[in-house]
Amino acid sequence: MSTHGSVLQVGPLKPSLAQTLATDYAARTLPEAPADRAAFLARHGSEITAVVTSGRTGVDAALMAALPNLGAVVNFGVGYDTTDVDAAAQRGVAVSNTPDVLTDCVADTAVGLMIDTLRRFSAADRYVRAGRWPVDGNYPLTRQVSNTRVGIIGLGRIGTAIALRLSAFGCSIAYHNRNPVPDSPYRYAPSPVELARGVDVLVVAAAGGGGTQGLVGAEVLYALGSTGYLINIARGSVVDQDALVSALADGRLAGAGLDVFADEPRVPEELFASDNVVLLPHVASGTVQTRAAMEALTLRNLDAFLATGELVTPVPLPAPAST
Ligand code: 8YV
């Protein structure tokens with residue numbers, strides 16, 4: 001089977017993946033500059049049957065329209081909120097992601113970020129490096145992690161892995177989802193506000209996209225309160241970032257650990273000087289082992305699609321709107 005020229009890379013990818021696409025699949029790369037992009041699409045758009053992209057870039061409705069023979073969007077990453085799934089459903093384009101293989105790493109990051117935020121390890125490290133220990137004395141006391149009350153927004157694969165880890169820390173776990181998870185051992189809260197009201201730490205593990213935009217807004221942060229902490233390893237869009245920055249500035253929230261932001265790689269500079277905030281550059285799945293597994297699953301999806309027209313790990317698409 002020849003795939004020559006039928007695969008398109010959209011946006012930057014892990015270098016080894018981009019290399020494999022170029023050498024083994026003769027993949028083309030969508031140009032960045034608008035004029036080059038338009039010329040490329042006019043010339044090659046109808047040749048493309050599969051796109052490989054990442055959650056960072058995705059495929060919007062306009063790009064899909066310029067690829068009339070597109071059959072699949074193969075997404076490197078579990079989150080696919082940058083791909084327009086309504087347009088995909090409408091056009092009969094299948095979408096895959098890379099679930100499961102990154103669950104452990106992302107859950108590890110959530111727990112690490114929570115410990116760092118409550119115990120202020122990064123800030124204490126800065127204290128040592130700045131030579132302050134001999135001068136200013138012992139580091140101020142911090143917040144215990146074990147036995148805290150934790151609320152998880154989004155009890156999917158990653159949320160569940162976080163709950164399991166934190167249960168071993170003696171934490172009590174409650175959660176909010178669109179619907180209660182059948183047979184879950186954890187307490188269900190019917191709304192994010194009610195969840196926030198009863199916990200010390202709120203962990204955001206919900207998928208991004210239209211349905212969760214701004215789910216953690218000012219009211220939820222207020223309910224979490226001045227002794228509460230927010231941890232986000234999901235998507236910046238799930239949290240109202242302006243409300244978060246102002247709650248932290250006014251002391252209406254005790255602290256936050258953030259791996260994701262509303263407009264990456266931009267991070268609100270108001271947070272840079274605050275020791276009650278830990279800021280990570282979207283690294284939750286970023287280990288050699290997990291990224292290799294994500295790469296392998298991405299290629300398995302692409303191979304399966306090119307050989308059979310089916311994806312290995314397709315995402316559920318909304319029912320197409322009737323015309
Ligand atoms: C990746 C992620 O960094 O899987 C996801 O949804 O956010 C991360 O694992 C990202 O998708 C790579 O672009």
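Atoms within a ligand are numbered from 1 in the order they appear, just like the ligands themselves. Just so we're clear, the structure is a prediction, and the values are computed from it rather than from any experiment.
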- All ring-ring contact (aromatic ring centres under 6.0 Å, His included) counterparts of Y175, not counting sequence neighbours: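 Testing Y175 for ring-ring contact (aromatic ring centres under 6.0 Å, His included), a comparison that skips the adjacent residues, returns Y188.
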- Compute whether any side-chain donor of one residue and acceptor of the other, for S122 and D116, lie under 3.5 angstrom apart.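 Side-chain D/A pair, S122 to D116: present.
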Can you measure from [atom1] ([X]) to [atom2] ([Y]) and round to the nearest 0.5 angstrom?
X    : Y    : atom1 : atom2 : value
R291 : L17  : CZ    : CG    : 11.5 Å
L63  : R37  : CG    : CZ    : 6.5 Å
L166 : I173 : CG    : CD1   : 5.0 Å

- Quick one, list the residues around ligand 1 where some non-hydrogen atom comes in under 4.0 Å, by chain and residue number.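 If the criterion is a heavy atom under 4.0 Å, then ligand 1 touches S54, G55, R56, F76, G77, V78, G79, L102, R235, H282, S285, R291, M294.
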- Item | Any L306 side-chain heavy atom under 4.5 Å of T49 side chain |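 Result yes, sub-4.5 Å side-chain heavy-atom pair found.
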